[in-house]
4 protein chains.
Amino acid sequence: MDKVRIGIIGAGRIGRIHAENMLRRPDAEVAAISDPFADDKLREWAAARGIGRVTRDSGDVMNDPSITAVFICSPTDTHVPLIKQAAAAGKHIFCEKPISMDIEQTKEAIEAAEAAGVKLQVGFNRRFDHNFRRVREVARSGQVGQPHLVKITSRDPEPPSMAYVRSSGGIFMDMTIHDFDMARFLSGSEAVEVHAYGSVLVDPSFAECDDIDTAIVTIKFANGALGVIDNSRQAVYGYDQRVEVFGSGGSATAANDYPNTAEIHTADGVLRDKPLHFFLERYNEAYVLETAQFVASIACGTDVPVSGQDGYQAELMALAAKCSLRLGRPVKLAEACGLAKQTLAKEGIQ
Amino acid sequence: MDKVRIGIIGAGRIGRIHAENMLRRPDAEVAAISDPFADDKLREWAAARGIGRVTRDSGDVMNDPSITAVFICSPTDTHVPLIKQAAAAGKHIFCEKPISMDIEQTKEAIEAAEAAGVKLQVGFNRRFDHNFRRVREVARSGQVGQPHLVKITSRDPEPPSMAYVRSSGGIFMDMTIHDFDMARFLSGSEAVEVHAYGSVLVDPSFAECDDIDTAIVTIKFANGALGVIDNSRQAVYGYDQRVEVFGSGGSATAANDYPNTAEIHTADGVLRDKPLHFFLERYNEAYVLETAQFVASIACGTDVPVSGQDGYQAELMALAAKCSLRLGRPVKLAEACGLAKQTLAKEGIQ
Amino acid sequence: MDKVRIGIIGAGRIGRIHAENMLRRPDAEVAAISDPFADDKLREWAAARGIGRVTRDSGDVMNDPSITAVFICSPTDTHVPLIKQAAAAGKHIFCEKPISMDIEQTKEAIEAAEAAGVKLQVGFNRRFDHNFRRVREVARSGQVGQPHLVKITSRDPEPPSMAYVRSSGGIFMDMTIHDFDMARFLSGSEAVEVHAYGSVLVDPSFAECDDIDTAIVTIKFANGALGVIDNSRQAVYGYDQRVEVFGSGGSATAANDYPNTAEIHTADGVLRDKPLHFFLERYNEAYVLETAQFVASIACGTDVPVSGQDGYQAELMALAAKCSLRLGRPVKLAEACGLAKQTLAKEGIQ
Amino acid sequence: MDKVRIGIIGAGRIGRIHAENMLRRPDAEVAAISDPFADDKLREWAAARGIGRVTRDSGDVMNDPSITAVFICSPTDTHVPLIKQAAAAGKHIFCEKPISMDIEQTKEAIEAAEAAGVKLQVGFNRRFDHNFRRVREVARSGQVGQPHLVKITSRDPEPPSMAYVRSSGGIFMDMTIHDFDMARFLSGSEAVEVHAYGSVLVDPSFAECDDIDTAIVTIKFANGALGVIDNSRQAVYGYDQRVEVFGSGGSATAANDYPNTAEIHTADGVLRDKPLHFFLERYNEAYVLETAQFVASIACGTDVPVSGQDGYQAELMALAAKCSLRLGRPVKLAEACGLAKQTLAKEGIQ
């Protein structure tokens with residue numbers, strides 16, 4: 001079997017993680033990596049890994065006929081044009097989340113990929129986490145019956161830089177979007193309405209960025225099930241990533257991962273180490289699996305495990321949550337696009 | 001020290017639990033028990049426990065000058081008149097929750113007790129649970145910093161009878177009211193607004209009773225913290241009662257209690273027994289403590305640990321949640337009474 | 001049904017615990033309590049509990065024809081004569097462990113009870129613990145197959161006084177004896193040989209008392225299964241009482257009990273409170289159950305749940321462990337009595 | 001920095017694991033692999049990994065002057081001659097455990113390496129396990145005080161083939177040897193005496209191989225601490241690898257690792273998946289670390305983390321346990337060599 005030849009666009013942290021993970025696979029090879037800021041350091045890094053080409057121009061990747069698939073790991077505002085270019089060049093696409101911050105453009109990008117007949121996978125890596133996969137498997141198996149409640153706890157150990165926050169699209173588009181996807185993944189149903197509460201409790205700078213750092217979003221699913229996501233930008237004890245599906249036959253829960261199982265019992269109490277610190281530790285294996293399945297779906301001609309439509313739905317939920325927070329009322333997904341145009345646009349938010 | 005002489009009004013399950021718990025105390029004695037349906041069986045039960053008087057008329061208890069305090073354990077619609085009578089008779093009052101289903105009447109009852117200078121404790125037994133007390137203690141100590149999120153999971157193992165549901169005042173007034181109190185107990189702040197989502201997923205009969213069986217209520221607290229409560233009338237694995245306070249310095253969580261710590265490891269997996277089945281098992285110790293503290297507060301002339309005002313606030317939250325569900329929007333506590341009059345009353349709901 | 005009328009001999013801590021537990025039962029009453037040091041304080045305590053008679057002479061209890069059963073809670077060296085007296089007086093007997101420190105006398109006492117046709121129950125309260133009962137139940141059910149290994153961890157939170165140690169009969173007879181009984185209870189087989197290692201690591205005073213404070217005893221059972229008990233007189237984190245039965249089909253384990261399920265997650269790690277402190281907290285419920293079953297076995301004419309023979313076997317294991325430690329080799333139970341006479345007696349140990 | 005050039009001797013499972021782990025390291029390269037049964041399949045496997053040379057003759061590896069270090073992953077009876085050859089050739093040595101089944105030869109091999117001034121690391125991979133490292137770290141830090149008890153549970157999920165058992169040197173030399181090393185690693189003291197009980201409970205074939213399948217070994221350490229190891233060849237629920245260090249200041253425990261944290265709560269109880277199945281899953285990361293540290297110690301000229309002497313001591317404990325089981329008494333490590341010669345040799349065991 002021929003190896004799938006891959007081009008990486010964007011050599012930031014996540015681009016390099018995907019490159020490294022590809023390098024260990026027998027069925028894929030990284031042919032090129034592009035980054036507008038490519039320098040000697042990147043060239044050295046690439047050389048040590050046998051990556052043949054380093055370029056500042058993503059066009060070099062797009063125009064390389066030997067390349068079958070691209071990983072779009074560049075800033076969010078470049079995703080849509082790059083997807084369109086890749087689709088036009090007939091390359092399969094793995095795109096980091098979110099596809100874009102403009103739901104209409106997201107739609108266009110998806111349509112472009114569909115029209116070109118190329119695969120488009122969105123980087124919802126958490127679907128590949130060992131804990132969440134198992135909960136989903138249990139939920140799907142019927143062991144806990146019909147889902148009634150889906151609960152997601154998702155807290156970062158520390159806030160990103162304010163520079164990042166400013167261009168992040170806000171907490172719902174940047175952080176909760178993973179949880180919106182997880183809610184769909186676990187509930188087996190589509191969200192029809194969301195309600196959001198948000199506060200600035202971690203750092204007043206979030207308010208200056210017109211953002212929040214603490215949120216609770218509740219969800220109404222088409223099948224009557226209810227969902228809730230709670231987020232914080234700062235859990236001082238580490239990355240807090242837990243889920244629960246509660247149903248007519250019981251519940252399936254997933255707790256955090258820890259660096260070890262050691263417990264220390266002393267006169268002061270029982271102590272154990274904090275959970276794994278952040279996403280690189282917790283989702284290390286999930287990153288490997290999502291790219292493995294992307295490559296396998298190309299090699300085998302099967303569907304990608306997370307589609308463009310999955311990306312779209314999560315963005316729509318984020319948009320609805322944003323509107324809900326702004327308007328102080330629950331917002332139906334069906335009205336989110338319209339509301340966003342009227343309200344958010346008016347305020348220059350989107 | 002003289003024993004506190006107690007009269008129990010209402011000889012149902014909870015009335016008899018309180019009586020039994022009092023019997024074991026050296027500082028209290030149960031002088032009388034009244035119930036409109038008192039029969040030979042109750043008389044036998046009382047005799048075996050050395051309870052001197054069994055009567056069908058609660059007036060006999062109220063008029064007994066040797067009785068210092070009454071436990072009002074009769075149906076909810078009798079609470080307010082009984083509180084007023086007891087206050088008029090100068091007796092301290094322990095009243096089961098909710099005080100009433102009409103917030104105005106609840107207010108009147110509280111005022112009657114205050115005017116008469118008698119103590120009024122509301123039966124929010126969960127405040128005395130070993131797990132929740134510890135979480136509150138941690139939260140208050142500052143070990144987890146300023147509270148940002150309060151999360152409460154509260155699910156019954158099985159639904160009550162529909163006869164009970166019909167007169168229960170609805171899930172928020174009957175079941176969530178405990179969680180509303182817990183939210184206040186743990187957050188150290190007052191709720192200012194709530195939003196409720198509800199579904200009928202357990203049993204369609206709930207819809208016929210104009211009620212729901214599955215709910216997620218979100219809360220905005222005065223200090224900016226956010227809260228969420230999820231409820232189900234049926235968790236097949238047993239009574240699910242967990243809480244979490246997340247703050248700037250970490251989080252404090254409380255898991256369920258189990259009948260034992262045994263784990264069975266076999267080729268099929270690791271199995272342990274279900275959590276304690278229901279409130280009688282889980283809150284057994286909490287019932288003992290709440291009555292002990294009520295008696296102690298009478299004996300020592302100190303404040304009761306759960307006041308009439310605590311009862312009022314929880315009812316107000318329940319009322320606001322009811323309005324929110326009905327109106328499909330968040331409802332401020334400040335507007336709940338007015339809305340209830342306009343909207344719910346119009347529909348003959350309250 | 002008539003109540004079982006009980007006399008308590010010995011008004012120390014355990015005597016009073018049994019008395020209190022009896023007082024709450026509808027099927028038993030405490031008619032008298034005797035203690036050579038009975039004083040006004042004890043009389044007051046007894047009066048408050050409706051115990052009719054307090055005496056310094058155990059003979060008053062033995063000669064009271066209205067008394068059906070006695071609890072022997074006096075010092076170990078009085079157990080055998082008291083059992084013989086009680087048997088002669090036709091009273092059923094609940095005797096604290098060990099029956100005696102002289103295995104021959106233990107045998108005589110058991111025979112006296114058998115000859116008199118009275119029941120004799122030994123105070124191995126741990127058999128009634130919720131965790132250990134469940135493990136035994138699982139082991140007996142066959143869920144974990146044939147037992148291969150039995151493991152018992154048994155550590156006290158703090159050492160007893162040296163005065164107590166001196167008259168305790170040594171760690172094996174005083175402390176490990178409970179674990180020897182537990183090993184039989186869980187394995188479903190009789191021990192045939194034991195090997196003991198011991199050290200003085202907690203407090204050098206133990207060496208002065210010709211005793212040890214840290215021990216590991218291994219056991220060979222008749223069915224080929226192996227067992228191990230580890231003991232310490234001082235676990236600074238609290239009472240450590242865990243068991244495991246490992247078999248051909250899996251394992252059943254029991255962990256410690258904790259005062260609550262609260263967990264505190266901070267930047268320093270995850271903290272929970274220490275296990276329950278000591279036997280009064282941990283085995284509170286087990287004490288209630290063992291006496292309830294003793295009374296029930298009298299009332300129903302059924303066998304007691306822990307027989308004199310159970311007491312004898314555990315003492316024999318303790319004796320064999322003592323010989324093993326002394327001789328530096330494994331000791332068969334069949335040779336323990338003989339060895340004890342030769343070796344220990346020679347040294348004035350027994 | 002030049003890469004450390006490595007030759008692998010023995011292309012069985014463990015040889016290939018080490019090779020794969022080396023391939024991912026920037027500081028090492030696998031130059032050659034030898035195996036007497038090298039075939040096209042192995043050649044293909046090696047080619048895909050860029051391993052330049054595949055040979056049937058380990059001499060080709062030993063004589064390659066470009067090779068700095070060898071991994072000896074061949075059958076145990078070849079270890080000593082290969083160590084001597086490698087030492088003579090001036091190559092650093094990583095040798096799988098045990099070095100040999102003849103303690104005298106082990107000594108000779110160690111001396112050969114010392115004389116040649118090459119490093120010799122023994123494959124006690126469990127020292128690098130995340131859980132056990134943490135327990136050791138806690139024990140060494142003094143957080144649990146002076147060690148009093150060390151407890152090790154070590155059970156395989158399924159027995160090896162009887163062909164393997166026959167040449168394994170017996171359970172103590174093959175399986176418990178890891179635990180003997182762990183006991184030294186955790187206790188911070190040398191064993192002075194051991195006592196072993198063993199049974200054939202899993203499969204009668206073990207008896208035919210003059211071996212056992214179930215064992216409890218107790219240990220006396222030089223510092224007075226006591227240790228216990230329990231082993232089974234078959235834990236149907238998976239690989240059971242737990243440790244505990246109990247000391248004057250508390251205890252440090254390590255539980256098993258699980259494939260996920262999911263828990264399923266149903267009407268039947270709470271279920272979670274079994275522990276990780278076997279050593280490849282559980283010690284995957286530990287294998288990576290042990291080889292990384294071996295390479296680093298060569299590159300940096302520092303001591304290897306597990307020395308030949310560590311290998312020797314564990315073998316001595318295994319030998320003493322073997323003698324103890326045979327003789328039915330505790331055996332001092334100081335007498336083990338002599339006893340082995342007299343007793344075991346006489347029976348043709350060693």
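For the numbers below, each heavy atom of this structure counts, side chains included, while hydrogens, waters and symmetry mates do not. Proteins get letters first, then strands, A, B, ... in listed order; numbering begins at 1 in each.
Ranked by heavy-atom pairs under 4.5 Å with chain C, the first of P157(A), G269(A), P275(A) is G269(A).
The backbone N or O of A267(C) lies less than 3.5 Å from a partner atom in the side chain of K274(A), making a donor-acceptor pair.
Side chains of Y258(A) and V270(C) form a contact here, defined as non-hydrogen atoms less than 4.5 Å apart.
Separation of atoms NE2 (H265(C)) and CZ (R272(A)) is listed at 8.5 Å; rounding is to 0.5 Å.
Across every non-hydrogen atom of L271(A) and D268(C), the tightest pair is CD1-O, 4.4 Å.
Enclosure of atom CD in Q313(C) by more than 12 non-hydrogen atoms of other residues, nucleotides or ligands within 6.0 angstrom is indicated. Within 6.0 Å of CD on E20(A) lie more than 12 heavy atoms contributed by other residues, nucleotides or ligands.
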